[in-house]
Amino acid sequence: MTESVVAQAGFDLHTHSVYSDGTTRPGEIARDAAKLGLTGFALTDHDTIDGWDEAREGAADADIDFFPGIEITTKHDGRSRHLLGYGIAPIAGELFDALAHVRRSRLTRARQMVALVARDYAITWEGVIGDADARTIGRPHIADALVAAGYFPDRSTVFTEVLYPRSPYYLGTDAIETVDAIRMVRAAGGVAVLAHPAAFRQRTPVSPREIEVLAASGLSGVEVRHPEHRDDWMPPIIAAVSRLGLLGTGSSDYHGTGKPNLLGQQVTDLDTVARLRTGVATPR
Ligand code: AMP
Ligand code: FE
Ligand code: FE
Ligand code: ZN
């Protein structure tokens with residue numbers, strides 16, 4: 001094996017498809033991950049598991065391992081926190097009721113944001129929900145409509161100029177309490193990992209104290225390698241992960257062409273994936 005292939009062995013544990021705010025189909029992610037020489041990948045669309053079937057089929061065709069996941073919209077102490085859930089059973093229950101509520105709230109919020117944006121830019125709700133694979137609507141879909149209408153060159157520019165959190169067009173959306181989401185993921189037979197705790201767009205990193213609280217609530221791991229992390233924010237987080245005996249994961253948070261993040265840019269080693277799978281009630 002060449003060195004570049006060895007460097008990419010492992011799992012990319014955080015990817016998005018057209019079922020939320022990614023731009024590629026789950027099967028394409030599987031095929032591209034296999035081409036990169038990855039051992040496996042997780043599909044972690046925002047608040048939906050509807051891409052799992054396509055991902056699983058694509059993974060079988062591409063001869064690559066698939067670990068089912070989700071990225072849940074949560075909040076802790078009023079601050080937005082994204083929680084990755086892996087290996088949850090796809091059956092009705094408290095978690096899926098809560099996710100349905102979050103998706104409905106996102107829809108209402110997006111409609112209201114579009115009404116605000118449409119005062120100044122010629123976009124419509126129909127243009128935003130467009131080709132409708134998405135089960136979860138977010139700011140990226142509004143951004144895409146503004147790009148399609150020719151106002152901005154890409155999503156990132158729209159986020160910087162129009163859809164940033166303090167902008168007059170911005171509205172929040174309902175989120176599940178992070179500790180409740182951890183409990184629900186575990187009740188559904190899965191394991192929970194805190195996503196991107198040091199992403200540079202946050203005002204501050206997640207504190208070691210908060211990680212301790214989440215660990216006491218059943219958190220299994222923390223995403224310690226992520227393309228948007230600020231390296232100078234990481235040492236206290238790494239120390240907490242190690243002190244609390246949590247698993248550390250790495251992933252790309254791939255969104256197709258929706259973000260600069262490249263598939264396989266960060267990966268998780270096979271031993272850590274095996275430990276995550278051991279924490280899954282019925283291995284999936
Ligand atoms: P929302 O959950 O609807 O508030 O939208 C947040 C999502 O927008 C995140 O999950 C990212 O995928 C995406 N996002 C945030 N900032 C940017 C950016 N600067 N460029 C592209 N996508 C972004
Ligand atoms: Fe996203
Ligand atoms: Fe996220
Ligand atoms: Zn993500």
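FYI, the numbering just counts along the sequence from 1. Both ligands and their constituent atoms are indexed starting at 1 by order of listing.
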Per residue Asp253, nearest N, O or S atom to the Zn ion (ligand 4) is named OD1
Per residue Glu71, nearest N, O or S atom to the Zn ion (ligand 4) is named OE1
Atoms of ligand 1 less than 4.0 Å from [X] heavy atoms?
| X | result |
| --- | --- |
| Gly138 | 3 (O) |
| Lys259 | 11 (C), 12 (O), 14 (N), 21 (C), 22 (N), 23 (C) |
| Ser156 | 20 (N), 21 (C) |
| His255 | 12 (O) |

Using modelled atom types only, decide if a donor and an acceptor are shared between the side chain of [X] and the backbone of [Y] within a distance under 3.5 Å.
| X | Y | value |
| --- | --- | --- |
| His229 | Ala198 | yes |
| Ser251 | Asp253 | no |
| Tyr169 | Ala118 | no |

Margin query: Regarding atom 10 (O) of ligand 1: of the candidates His46, Met113, Glu71, Arg109, which has the closest heavy atom?
Written below: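 Residue with the shortest heavy-atom distance to the ligand atom: His46.
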Worksheet item: Is the Zn ion (ligand 4) under 2.8 Å from any N, O or S atom of His14?
Response: yes
Do you see an N/O/S atom of His255, backbone or side chain, under 2.8 Å from the Zn ion (ligand 4)?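 Checking His255: none of its N, O or S atoms is under 2.8 Å.
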Does Arg106 come within less than 4.0 angstrom of ligand 1, counting non-hydrogen atoms of the residue?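 Right, Arg106 reaches ligand 1.
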For [X], is at least one N or O under 3.5 Å away from an N or O on ligand 1?
| X | answer |
| --- | --- |
| Asp21 | yes |
| Tyr170 | no |
| His82 | no |

*What N, O or S atom of His46 is found closest to the Fe ion (ligand 2)?*
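Of all N, O or S atoms belonging to His46, NE2 is the one nearest the Fe ion (ligand 2).
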task = Return the name of the atom in Asp21, of element N, O or S, nearest to the Fe ion (ligand 2).
result =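 When I compare the N, O and S atoms of Asp21, OD2 is nearest to the Fe ion (ligand 2).
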| field | Asp45/Ser17 under side chain to side chain donor-acceptor pair (under 3.5 Å): CA gap, chis, key distance, verdict | value | CA-CA 6 Å; Asp45 276 312; Ser17 76; 2.7 Å; yes
Check: With a 4.0 Å cut-off, would you call Arg25 and Asp133 a salt bridge?
Finding: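 Looking at Arg25 and Asp133, the cut-off is met.
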